[in-house]
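This report refers to the structure that appears directly beneath it.
Order of the sequence lines fixes the chain letters, A, B, ..., with proteins taken first and strands second; residue numbering starts at 1 for each chain.
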Number of protein chains: 2
Amino acid sequence: MSADHSPAGEPARMLELLWGTASPPSRGPKPALSLAKIVDAAVQIADAEGLAALSMRRVAEELGFTTMSLYRYVSGKEDLLELMQDAAAAPPPDVDLDSMPDDWRGAARWWATHNIEMFRRHPWFMDIPLSGPPMGPNQVRWMDRLLGALAGTGLSPGEKMGVLTLLSTWALSAGRLELSIMEGASRTGVEPDDWDPLYGQLLSKVVEAEEFPALAEILTAGIFSGPEPDGDEGNTADQPGDPEGAEFSDDLTFGLEVILDGVEALIARRMTTSGRDSASKP
Amino acid sequence: MSADHSPAGEPARMLELLWGTASPPSRGPKPALSLAKIVDAAVQIADAEGLAALSMRRVAEELGFTTMSLYRYVSGKEDLLELMQDAAAAPPPDVDLDSMPDDWRGAARWWATHNIEMFRRHPWFMDIPLSGPPMGPNQVRWMDRLLGALAGTGLSPGEKMGVLTLLSTWALSAGRLELSIMEGASRTGVEPDDWDPLYGQLLSKVVEAEEFPALAEILTAGIFSGPEPDGDEGNTADQPGDPEGAEFSDDLTFGLEVILDGVEALIARRMTTSGRDSASKP
DNA sequence: CGCTAATGTTTATGTTATACACAGTTCTAC
DNA sequence: GTAGAACTGTGTATAACATAAACATTAGCG
């Protein structure tokens with residue numbers, strides 16, 4: 001255990017907390033509480049009532065302990081939040097059981113989709129300010145999955161990492177976007193589908209064609225007034241590779257497919273420049 | 001004025017606040033305070049001491065008023081934060097004076113770079129949870145700029161908006177990433193340049209080759225132990241088009257260039273499918 | 001057995017946002 | 001002109017928050 005009171009978020013200590021590596025104490029009384037129980041309770045509360053409802057008091061109450069007892073396991077709320085994030089990112093499904101595609105593009109889509117579904121299950125995840133690169137076991141497992149899918153692409157290690165952060169930040173942004181629409185809907189009573197038209201309507205009130213020519217053109221094109229007239233989405237959107245019944249709004253897939261096109265171009269460049277990983281400048 | 005106490009974040013009221021449209025009151029005493037003064041003070045505090053130091057009390061103190069006086073102009077802290085965001089996104093520079101490139105790709109790079117520089121000036125911006133699509137005058141001005149740059153590309157209105165949100169969310173993510181490194185550095189005393197090696201070192205402690213084959217390979221490749229051995233970045237990174245002396249870390253440009261490659265592919269597809277904006281399904 | 005480390009509790013502090021009632025000010029309708 | 005209404009800034013009060021510090025209790029180690 002040993003939640004010595006070093007400053008919250010200190011990387012080395014967090015590693016121990018996240019991975020559960022730590023020489024168990026031999027001296028004191030048997031702990032009645034445990035890190036796992038605390039984190040589980042916190043996740044449950046945040047799932048049910050949102051991050052705003054998550055307080056140290058609330059967690060302790062749920063467990064039948066006093067607020068301060070938690071501080072024996074966690075050096076502050078920040079720590080708890082970081083632990084919750086890794087707990088939320090449950091381990092990826094078994095390789096032989098799940099339906100992760102073989103091609104890198106399908107696999108990347110699969111990976112991003114799973115990410116977003118996690119965000120849907122744990123929306124509070126996106127409200128936590130990131131405190132550093134992911135170091136928890138589950139998040140690292142997910143990292144490994146995507147990196148593995150990029151194995152045959154000829155990308156350099158650095159490029160693979162670049163694609164990883166790009167996809168992972170995209171998923172986060174997309175999740176946030178979706179969430180903000182849902183929240184806006186529940187706050188104002190506007191249905192998610194009516195959001196785009198409403199936004200367009202609001203903007204139209206203030207956007208004059210002289211000052212905002214390009215935006216005005218988009219608005220008059222009525223892009224916000226309903227479903228895309230005859231949108232040919234990106235390119236191969238909604239291919240096989242999506243898990244479950246993940247209905248993905250077109251707004252969301254668009255960005256993903258553009259990114260994947262960019263990665264594809266990079267891979268193609270790497271392939272043609274000869275088999276070597278890192279070639280000379282083009 | 002009329003900060004009637006409807007729920008915070010209500011879109012129509014926020015529009016009035018953001019654009020300053022509102023019939024000025026004729027009945028009461030002359031206001032000694034003003035929305036602009038409040039927002040300016042708040043921005044100044046957040047710039048200097050961070051978002052955590054920004055409290056209603058603090059803002060009021062700075063202005064020499066009581067805490068509650070602010071609530072005559074703003075229905076809650078949420079409102080203030082949203083107003084601050086638009087204030088931080090200062091109007092884009094004059095078209096004839098600045099050096100925005102003519103080609104869409106250079107312009108997009110220019111736009112994203114300016115975004116990130118704004119984040120560097122106002123790091124607190126990234127800590128504010130987004131409450132909806134941008135509606136303030138300055139943010140809308142920036143939107144218009146990018147949309148204008150995409151005018152000649154043959155993209156459909158919906159696609160242009162897609163590119164806009166993709167670039168804007170990318171900039172936000174990149175800024176956040178950069179910020180988290182800076183914060184981590186100041187918290188732990190580790191230099192930003194030493195962060196990657198440290199991360200790799202920490203991961204190496206827990207990443208076993210059996211369970212994390214792909215990650216282990218990257219780690220042993222030593223990708224985190226220093227600058228890329230002989231990295232040929234994306235493609236045309238750091239082309240002309242950057243404003244000022246923006247030194248952009250390679251980690252940052254990588255993602256941007258991949259995205260731009262993806263957009264380029266989309267544009268190319270639109271160009272060849274014939275001149276029409278919205279073609280039939282493939 | 002005593003020493004010591006470890007656990008959970010008690011008590012207390014300072015900070016936060018903001019609801020509510022009020023006193024003073026200024027214009028509008030009569 | 002004068003009543004009343006609209007509007008401004010203030011004073012007071014509340015509930016919630018994270019967490020610091022001192023404490024009694026428990027359990028292993030010498």
Is it the case that more than 12 heavy atoms not belonging to B/Glu61 sit under 6.0 Å from its CD atom?
yes
Does C/dT16 have OP1 or OP2 under 4.0 Å away from a side-chain N or O of B/Arg57?
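For B/Arg57, the contact criterion (side-chain N or O under 4.0 Å from OP1 or OP2 of C/dT16) is met.
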Counting only side-chain N and O atoms of B/Ser69, is one of them less than 4.0 Å from OP1 or OP2 of D/dG9?
no
I'd like to know if the side chain of A/Arg141 and the backbone of A/Ala90 have a donor-acceptor N/O pair within less than 3.5 Å.
no
Under a 3.5 Å distance rule, please check whether B/Asp79 uses its side chain to pair with a backbone N or O of B/Val74 as donor and acceptor.
no
Which of these passes ring-ring contact (aromatic ring centres under 6.0 Å, His included) with B/His122: B/Trp124, B/Phe125, B/Phe119?
B/Trp124
Closest to side chain of [X], choosing from [options]:
| X | options | value |
| --- | --- | --- |
| B/Ser55 | D/dC17, C/dT16, D/dT8 | C/dT16 |
| B/Met56 | C/dT7, C/dT18, D/dT19 | C/dT18 |
| A/Ala32 | C/dG8, C/dA17, D/dG9 | C/dG8 |

Where do [X] and [Y] come nearest, in terms of heavy atoms and distance?
| X | Y | answer |
| --- | --- | --- |
| A/Tyr73 | A/Pro31 | OH-CB, 3.3 Å |
| B/Arg121 | B/Asp47 | O-OD1, 3.6 Å |
| B/Leu63 | B/Lys37 | CD2-O, 3.9 Å |

Just how far, in rounded Å, is [atom2] of [N] from [atom1] of [X]?
| X | N | atom1 | atom2 | answer |
| --- | --- | --- | --- | --- |
| B/Leu63 | D/dG9 | CG | P | 11 Å |
| B/Leu81 | C/dT16 | CG | C1' | 14 Å |
| B/Ile38 | C/dA17 | CD1 | P | 14 Å |
| A/Tyr71 | D/dC23 | OH | P | 21 Å |
| A/Glu61 | C/dG8 | CD | C1' | 16 Å |
| A/Arg58 | D/dC17 | CZ | P | 9 Å |
| B/Glu78 | C/dA17 | CD | P | 12 Å |
| B/Phe65 | D/dT8 | CZ | C1' | 10 Å |

Going 5' to 3' through nucleotides 20-30 of chain C and flagging B where a protein heavy-atom sits under 4.0 Å of the base, S where only the sugar-phosphate is that close, and - otherwise, we get B---BBBBS--
